[in-house]
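Just below is one structure, and these are the notes that go with it.
All chains are named by letter (A, B, ...) in the order of the sequence lines, taking the proteins before the strands, and each is independently numbered beginning at 1.
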Amino acid sequence: MHVGHIRSTFIGDSLARVARFIGHKVITDNHVGDWGTQFGMIIHGWKTQLDHEALKNDPIHELVRVYKAVNAATKADEAVLEVCKGELVKLQQGDAENLGTWKECVRLTLEQLEKVYGALDIKFDHYLGESFYNDALAPLVADMLEKGIATISEGATVVFSDGSVKPENDPFLIKEKDEWKAAPCIIRKGDGGFLYATTDLATIDHRVKDWKADEIWYVVGAPQQLHFRQVFAAAHRRGITTEMIHIAFGSILGPDGKMFKTRSGETVGLLEVIDEAIERARAAADEKDQGLSAAEKDEIARIIGAGAVKYAELSQNRLTDYKFSWDKMLSLQGNTAPYLLNAYVRTRSIFRKLDGAVTLTDELTLTEPAERALAMKLAQFAENAHDILVDHRPNLLANYLYELADTYHSFYEACNVLRAEGAVRNTRLTLCEATSRVLKTGLGLLGIQTTERM
RNA sequence: GCGCCCGUAGUUCAACGGAUAGAAUGGUGGUCUCCGAAGCCGCAUAUCCAGGUUCGAUUCCUGGCGGGCGCACCA
């Protein structure tokens, strides 16, 4: 995984948390790409140029190296590509050797995935990769042929436009020199191999029939918009009425302004970014020196480091393309996770000093501007939580939490809590407690854990 | 060629059709004998261009210009 993969994971994780918070029943499924042409390439590479020593030392690195090398070879020589495609067809038809190699690759990949998710506090209910649907593919294609939804064209099995919508809204048509031409969705290749459109259709079947989904959300990059319009349209023609939504997001660009791509370009590893983030947070914790143990500081550094990376991502509009920047993603100053966490820590610090000996009453008096501002901001949480799901935008929550933390920090400077008395003190303590809860809950909805000290 | 997305301070990003377009960073001036300074309080700089709809447009529509991505057997 490289940094380009974090958007799908973070956005999807956050939306699932918010939807559950609102009261929906959510099933999360990591649709791992474990069955496509890239495995034809990896299997070919495994057979011809695997460095077994390197595989032992750093499996993912070696797999990526092999994949890139084969990918480059296919570009230079058409024949190599044909060999890879052949390996894929053999795999999909159950060839024992290829299946064994594939299993090993998937195992190594999932191991790596677990490591990344562990550090990031990410969990999925299911990991039904593309391979899970293999047995469903041939019957699905046969069914679509039988119903006349799909037809054979140039050797491949494809779905053409049925002319039910205006050409400009038809995902199966494309305009070329003032003429509408077919832009079919291919569900089976001429060589018998299946594609991701096929597995996506099988996946929809599974989610509708077995999970009884009312809505299916796809958190996938914006470049795949056409693909999903085609797949959703094809599914509708098969009689599926479930609402399907493609929650698209922009690309993470390299310093050259081009997309990060696993296949060819140089990328930045995700684990690398997380490790660096945690390291920087640890250095800051050491500098602050709150008299915490090494183990406490390690855990705080993990929460802050992982939180910083998540917040950098989730505080942005999902549709915006952005340039990857170490400094931005790892910053601990300004509008970042530590800023929000620091506000939370400041609320906890006050109650720690009271040692639990406090009873809040409903005797409230809002007189200072900073008190009123904070109370108003707190009251907006419910509305904000609701707004997130309207357009599936966690950044609205991130923006709100930043404003809340900002308002709290100002309040904290302007209104001393512990030295106040009577109703004023009770009011301020109540504001602190409410801020504490909203920050903890809100950050939790972003997938960011909190810490009592930092 | 056709489609989708985008264009906002030097830079990186926000903004249900609504009030003086917000932050961060960088620059710059203050602020710790006072609940935690990863903080707080100041100063400066922006809606690509031209039309249109509207009481009101960064937002919606049309046309340019600029960038990214996608468009028959990759995912």
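The existence of a salt bridge linking A/Glu371 and A/Arg428 is confirmed by a sub-4.0 Å separation between a basic side-chain nitrogen and an acidic carboxylate oxygen.
Counting any heavy atom pair closer than 4.0 Å across all strands shown, A/Ala284 reaches a base atom. A/Glu287 comes within 4.0 angstrom of no nucleic acid atom, judged by non-hydrogen atoms across all strands. Within 4.0 Å (heavy atoms only), A/Lys85 reaches sugar-phosphate atoms of the nucleic acid but no base atom. A/Asn342 comes within contact range of the sugar-phosphate backbone alone, with a heavy-atom separation under 4.0 Å but no base atom that close. Contacts of A/Leu195 with the nucleic acid, taken as non-hydrogen atoms under 4.0 Å apart, involve only primed sugar atoms and P, OP1 or OP2. Residue A/Pro184 is classed as a base contact, given a heavy-atom separation below 4.0 Å to a base. As judged by a 4.0 angstrom heavy-atom cut-off over every strand, A/Cys84 is placed among residues making no nucleic acid contact. Residue A/Glu130 is classed as a sugar-phosphate contact, given heavy-atom separations below 4.0 Å to backbone atoms only. Counting non-hydrogen atoms under 4.0 angstrom, A/Asp406 reaches the backbone sugars and phosphates but no base. Nucleic acid contact for A/Asp387: none, since no nucleic acid atom lies under 4.0 Å from a heavy atom of the residue. Residue A/Met41 is classed as having no contact, given no heavy-atom separation below 4.0 Å to the nucleic acid.
Between the CD atom of A/Gln333 and the P atom of B/C40 there is a distance of 11 Å, given to the nearest Å. We find that CG of A/Asn399 is positioned 14 Å from C1' of B/C16, with the value rounded to whole Å. As a whole-Å value, the separation of A/Met329 CE from B/U25 P is 17 Å. Rounding to whole angstrom units, OH of residue A/Tyr408 and P of B/C41 are separated by 14 Å. Rounded to whole angstrom, the span from the CD1 atom of A/Ile42 across to the C1' atom of B/C74 amounts to 13 Å. Between A/Asp170 atom CG and B/C2 atom C1' there is a gap of 14 Å when expressed in whole angstrom units.
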A/Asn98/A/Lys47 under side-chain hydrogen bond (donor to acceptor under 3.5 Å, both in side chains): CA gap, chis, key distance, verdict: CA-CA 10 Å; A/Asn98 282 11; A/Lys47 288 178 179 173; 2.7 Å; yes
A/His409 and A/Tyr339: CA distance, side-chain angles, deciding distance, ring pair (Phe, Tyr, Trp, His ring centres under 6.0 Å) verdict: CA-CA 9 Å; A/His409 278 306; A/Tyr339 181 84; 4.7 Å; yes
Verdict with reasoning, A/Asp162 to A/Arg237, per salt bridge (charged side-chain N to carboxylate O under 4.0 Å, His left out): CA-CA 9 Å; A/Asp162 65 354; A/Arg237 273 198 237 166; 3.3 Å; yes
Residues A/Arg372, A/Glu368; criterion salt bridge (charged side-chain N to carboxylate O under 4.0 Å, His left out); working and verdict: CA-CA 6 Å; A/Arg372 304 184 71 88; A/Glu368 293 296 318; over 6 Å; no
side-chain hydrogen bond (donor to acceptor under 3.5 Å, both in side chains) between A/Ser315 and A/Asn395, intermediate numbers included: CA-CA 4 Å; A/Ser315 59; A/Asn395 74 303; over 6 Å; no
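Minimum atom distance to the side chain of A/His409 is reached by B/G39, of the listed B/G36, B/G39, B/C71. Checking B/A23, B/A75, B/A38 against the side-chain heavy atoms of A/Gln224 singles out B/A75 as nearest. Distance from the side chain of A/Tyr402 is smallest to B/A23 among B/A14, B/C40, B/A23. Checking B/C73, B/C41, B/A75 against every side-chain atom of A/Gln38, the shortest atom distance belongs to B/A75. Among the nucleotides B/G39, B/U12, B/A14, the one closest to any side-chain atom of A/Glu413 is B/G39. Considering only side-chain atoms of A/Asp321, the nucleotide from B/G68, B/C73, B/C34 that sits closest is B/G68. Nearest to the side chain of A/Tyr339, among B/A75, B/C40, B/A72, sits B/C40. The side chain of A/Ser349 sits closest to B/C35 out of B/G39, B/G68, B/C35.
Dashed line: the shortest gap from a side-chain N or O of A/Arg346 to OP1 or OP2 of B/A37 is under 4.0 Å. Between A/Thr320 and B/A14, a side-chain N or O to OP1/OP2 separation shorter than 4.0 Å is present. The phosphate of B/A75 has OP1 or OP2 within less than 4.0 Å of a side-chain N or O from A/Thr37. A close approach under 4.0 Å does not occur between any side-chain nitrogen or oxygen of A/Lys323 and OP1 or OP2 of B/C13. Taking 4.0 angstrom as the limit, A/Ser153 places none of its side-chain polar atoms (N or O) nearer than this to OP1 or OP2 of B/A72. The side chain of A/Tyr412 places no N or O atom within less than 4.0 Å of a non-bridging phosphate oxygen (OP1 or OP2) of B/A38. Distances shown here put a side-chain N or O of A/Lys189 below 4.0 Å from the OP1 or OP2 atom of B/C74.
Toward the 5' end of RNA chain B, the nearer of the two residues A/Tyr322 and A/Gly190, judged by each one's closest nucleotide, is A/Tyr322. Sequence order on RNA chain B of the closest nucleotides to A/Ala414 and A/Lys328 puts A/Lys328 first from the 5' end.
The closest side-chain donor-acceptor pair between A/Lys377 and A/Thr407, if any, does not fall under 3.5 angstrom. Donor-acceptor pairing under 3.5 Å is lacking for the side chains of A/Glu413 and A/Tyr408.
Taking the P atoms as reference points, B/U59 lies 15 Å from B/C5, given to the whole Å. Between the C1' atoms of B/A24 and B/C60, the separation comes to 30 Å (whole Å). Spacing of P atoms, B/C61 relative to B/G70, comes out at 24 Å, to the nearest Å. A gap of 48 Å separates the P atoms of B/G39 and B/G3, to the nearest Å.
Residue side chain A/Thr336 does not reach the base of B/A24 through any donor-acceptor N/O pair under 3.5 Å, judged by distance alone.
Classified by interplanar angle (parallel below 30°, tilted 30° to 60°, perpendicular above 60°), the ring pair A/Phe228/A/Phe232 is tilted. Between A/Tyr196 and A/His227, the ring planes are parallel. Angles under 30° get that label, and only those over 60° would be called perpendicular. Between A/Phe381 and A/Phe21, the angle of the ring planes lies from 30° to 60°, which puts this pair in the tilted group.
Stretches of at least 3 consecutive Watson-Crick or G-U wobble pairs, with each checked distance under 3.5 Å, appear in RNA chain B as B:1-7 with B:65-71, B:10-13 with B:22-25, B:27-31 with B:39-43, B:48-52 with B:60-64.
Applying the 90° cutoff around 0 to the glycosidic angle, B/C69 is assigned anti.
Interface residues of residues 297-318 of chain A facing RNA chain B, ordered by number: A/Ile304, A/Gln316, A/Asn317; criterion, heavy-atom separation under 4.0 Å.
A search for side chain to side chain contact (heavy atoms under 4.5 Å, CB included) contacts involving A/Asn30 returns A/Val32, A/Leu113, A/Tyr117, A/Phe124, A/Tyr127, not counting sequence neighbours.
For the pair A/Arg207 and A/Tyr218, the distance from NZ or CZ to the six-membered ring centre is under 6.0 Å and the angle to the ring normal is within 45 degrees.
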